[in-house]
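Quick notes on the structure that follows.
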There are 2 protein chains.
Amino acid sequence: MTQTKTKTTRIQEINRGIILDAALEVFSAYGFRGTTIDQIAEKAGMSKPNLLYYFPRKEDIYVTVLEKTLDDWLTPFRHIDPTGDPLDELAKYIIAKLKLSESRPESSRVFANEILHGAPAIGDFLQTHLRQIVDRKIAVIRTWIDEGRLAPVDPHHLIFMIWATTQHYADFKVQIGAVVPDRVEDENFYEETAAAIITILFNGIRPRQDY
Amino acid sequence: MTQTKTKTTRIQEINRGIILDAALEVFSAYGFRGTTIDQIAEKAGMSKPNLLYYFPRKEDIYVTVLEKTLDDWLTPFRHIDPTGDPLDELAKYIIAKLKLSESRPESSRVFANEILHGAPAIGDFLQTHLRQIVDRKIAVIRTWIDEGRLAPVDPHHLIFMIWATTQHYADFKVQIGAVVPDRVEDENFYEETAAAIITILFNGIRPRQDY
DNA sequence: CTACATTTTGACCAATCAGTCAAGTTTTTT
DNA sequence: AAAAAACTTGACTGATTGGTCAAAATGTAG
């Protein structure tokens, strides 16, 4: 067994964590090119050479940050349960994603920025891993529809709509804040948002005779 | 009448146009910081000092590009007609925005990038002009709901859902392409998308007894 | 054709920034 | 306690880049 030296010390673990937290904030605010290593180092409270001791290249920090956020954001998606009630499962997913948008908008923004610029760092991941997960969930949705437990809609576009909408509240926060400044302040904003989205998505906006 | 020298020559008009076209492409691919003036100059087929003769600062180019795209993207929104049929008007709006996503994804991306990074250049515009337009349309939607011609949903969140979804197809094109590579190739992809979104939004995904 | 304004560019400058290096300090191991 | 390993940093470097400048080329009006 030729184990490569992978002895991770306590200090390493702590400092890598500090660096990644700092980097997430800075990358989300300024993007990859717009971020300087000095900025991250300052926010992390250490010298630049020291930071580069842990992550030899700027890109290494960026990729690591991205990988962590990707995992965060995919977790609720993975948790959609084929054996559960379709509407319940989707509602739970929407609520989970909106909660993430509220608690960790930075990671959503880093991800959005990466995709926006053509996914140079995670294109492969999207085409392999992400696609695989999506395919599985698409199959689940198809089954639900076949069983008559969900209206016959296009599964891909349904997923895209949910992704788009939930991302929007993190990524376009500034715009939302500009358009409805009073409501965003409300501490229940995200609960209200979830309720409103679920209502629209479940029932549609076509008026019905039966209220 | 003390008219300030605003004699815009033919050459100026042409070159400004060339520069803005080139800048749109480069900014959309690399963001503000990620774009170099040299890149724009090369794409525009002129020297850097010459480009700076028309736009003295990099930011001037950026702001001008943003203003143009903002106008593009707001036009269909403005065209929502209070006297029209609610569902028709919203369907028309969705189709128009998706067409723009298809024909001019770059401008959508420049805009998204700007918002993502906190709207440093157009924050004011959002808080004044955009907000005003949105307020007006919100009122229209409220009227429609009061008249029973639209289901009683939250107007703000309805607008955000439509914005989010339609933007998504331009901004997250790479992700969509990775997840459903075969379908994106289809030349009818945007028509199908529009149809699917409209179906979901109008009818919801709750299964009904009455097919 | 002449004089003037506009347009174009090569050469340059100062600032910024990713990454290096060598020398020091601290922690861990024996 | 001594030696080795891991950690930290000030000072530096080379490349990039936003922007300047002065001089040349081109266009235009009388």
Side-chain angles (χ1 to χ4, degrees), chain A residues 3-66 110 113-114 117 120-121, chain B residues 3-66 110 113-114 117 120-121:
Chain A
Q3 207 203 347
T4 339
K5 251 198 274 181
T6 325
K7 204 181 346 175
T8 310
T9 70
R10 188 181 49 91
I11 295 179
Q12 269 168 36
E13 202 167 323
I14 292 171
N15 280 349
R16 280 172 174 267
I18 293 173
I19 292 169
L20 291 176
D21 286 347
L24 175 62
E25 271 191 64
V26 186
F27 279 133
S28 91
Y30 305 107
F32 178 73
R33 288 284 304 262
T35 293
T36 70
I37 299 181
D38 291 277
Q39 275 176 297
I40 303 175
E42 191 185 358
K43 185 148 272 175
M46 67 183 66
S47 67
K48 177 164 70 169
N50 198 22
L51 187 149
L52 287 165
Y53 171 74
Y54 292 100
F55 295 90
R57 330 222 126 242
K58 185 182 174 186
E59 215 187 308
D60 298 336
I61 318 174
Y62 181 67
V63 170
T64 309
V65 166
L66 259 185
V110 170
N113 194 56
E114 164 72 8
H117 295 345
Chain B
Q3 206 204 347
T4 337
K5 249 198 277 180
T6 324
K7 203 182 348 175
T8 311
T9 69
R10 190 180 47 91
I11 294 179
Q12 271 170 33
E13 201 167 322
I14 292 172
N15 280 349
R16 280 171 175 267
I18 292 173
I19 291 170
L20 291 176
D21 286 346
L24 174 62
E25 272 190 64
V26 185
F27 280 132
S28 92
Y30 305 107
F32 179 73
R33 289 286 303 260
T35 294
T36 69
I37 299 181
D38 292 276
Q39 275 176 298
I40 303 175
E42 190 184 359
K43 184 148 273 177
M46 68 183 67
S47 68
K48 178 165 67 168
N50 197 23
L51 185 149
L52 287 165
Y53 171 73
Y54 291 102
F55 295 89
R57 328 224 128 237
K58 186 182 174 184
E59 216 187 307
D60 297 337
I61 318 173
Y62 180 67
V63 171
T64 309
V65 166
L66 260 185
V110 170
N113 193 59
E114 164 71 8
H117 296 347

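So that the names make sense, note that chain A is the first sequence line, chain B the second, and so on, each numbered from 1.
We find that CZ of A:Phe55 is positioned 16 Å from C1' of C:dA18, with the value rounded to whole Å. Look at CD1 on A:Ile19: it is 11 Å from P on D:dC7, rounded to the nearest Å. Rounded to whole angstrom, the span from the CG atom of A:Asp60 across to the C1' atom of C:dG19 amounts to 12 Å. One can place CD1 of A:Ile14 at 17 Å from P of C:dT26, the figure rounded to the nearest angstrom. If you measure from atom OH of A:Tyr30 to atom C1' of C:dA18, you get 19 Å, rounded to the nearest angstrom. Between the C1' atom of C:dT7 and the CG atom of B:Leu52 lies a distance of 14 Å, rounded to the nearest Å. Remark: P of D:dT9 and CE of A:Met46 are 8 Å apart, rounded to the nearest angstrom. If you measure from atom NZ of B:Lys58 to atom P of C:dA15, you get 18 Å, rounded to the nearest angstrom.
Under the side chain to side chain contact (heavy atoms under 4.5 Å, CB included) criterion, A:Asn50 pairs with A:Met46, A:Ser47, A:Tyr53, A:Tyr54, not counting sequence neighbours.
Nearest heavy-atom pair across A:Gly31 and A:Asn113 is CA-ND2, 3.6 Å. Closest approach of B:Ile19 to B:Ala44, counting heavy atoms only: CA-CB, 4.3 Å. Here the closest non-hydrogen pair linking B:Lys58 and B:Arg33 is NZ-O, 3.8 Å.
A donor-acceptor pair under 3.5 Å is formed between the side chain of B:Asp60 and the backbone N or O of B:Arg57. When atom types are taken as modelled, the side chain of B:Thr35 and the backbone of B:Tyr30 share no donor-acceptor pair closer than 3.5 angstrom.
Note that A:Arg16 lies in the cation-pi zone of A:Phe55, set by a 6.0 Å cut-off to the ring centre and a 45° limit from the axis.
Side-chain nitrogen and oxygen atoms of A:Arg33 include none within less than 4.0 Å of the OP1 or OP2 phosphate oxygen of D:dT16. The phosphate of C:dT7 has OP1 or OP2 within less than 4.0 Å of a side-chain N or O from B:Gln12. In this model, the phosphate group of C:dT8 is not approached by any side-chain N or O of B:Tyr53 to a distance below 4.0 Å at OP1 or OP2. Remark: B:Asn50 is in phosphate contact with C:dT9, judged by side-chain N or O atoms under 4.0 Å from OP1 or OP2. Here A:Arg57 reaches the OP1 or OP2 of C:dG19: one of its side-chain N or O atoms lies under 4.0 Å away. Residue B:Arg16 has no polar side-chain atom (N or O) positioned under 4.0 Å from OP1 or OP2 of C:dT7.
At a threshold of 4.0 angstrom between heavy atoms, the contacts of A:Tyr54 are confined to the sugar-phosphate backbone, with no base atom among them. In this structure, B:Ile37 reaches the sugar-phosphate backbone alone: every heavy-atom distance under 4.0 Å involves primed, P, OP1 or OP2 atoms, never a base. Nucleic acid contact for A:Thr9: sugar-phosphate only, since backbone atoms but no base atoms lie under 4.0 Å from a heavy atom of the residue.
For A:Pro49 and A:Thr36, each mapped to the nucleotide of DNA chain C holding its nearest heavy atom, the one lying further toward the 5' end belongs to A:Thr36. Taking for each of B:Thr35 and A:Asn15 the nucleotide of DNA chain D with the nearest heavy atom, the 5'-most of the two is the partner of A:Asn15.
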Next item on the list: Given side chain to side chain contact (heavy atoms under 4.5 Å, CB included), test B:Glu114 with B:Phe32 step by step and report yes or no.
Entry: CA-CA 8 Å; B:Glu114 164 71 8; B:Phe32 179 73; over 6 Å; no

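The base of C:dG19 sits within donor-acceptor range of the side chain of A:Lys48, with an N or O pair under 3.5 Å.
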Please enumerate all protein N or O atoms sitting under 3.5 Å from an N or O of nucleotides 28-30 of chain C, with distances to 0.1 Å.
unit_1: C:dT28; atom_1: OP1; unit_2: A:Arg10; atom_2: NH2; d: 3.4

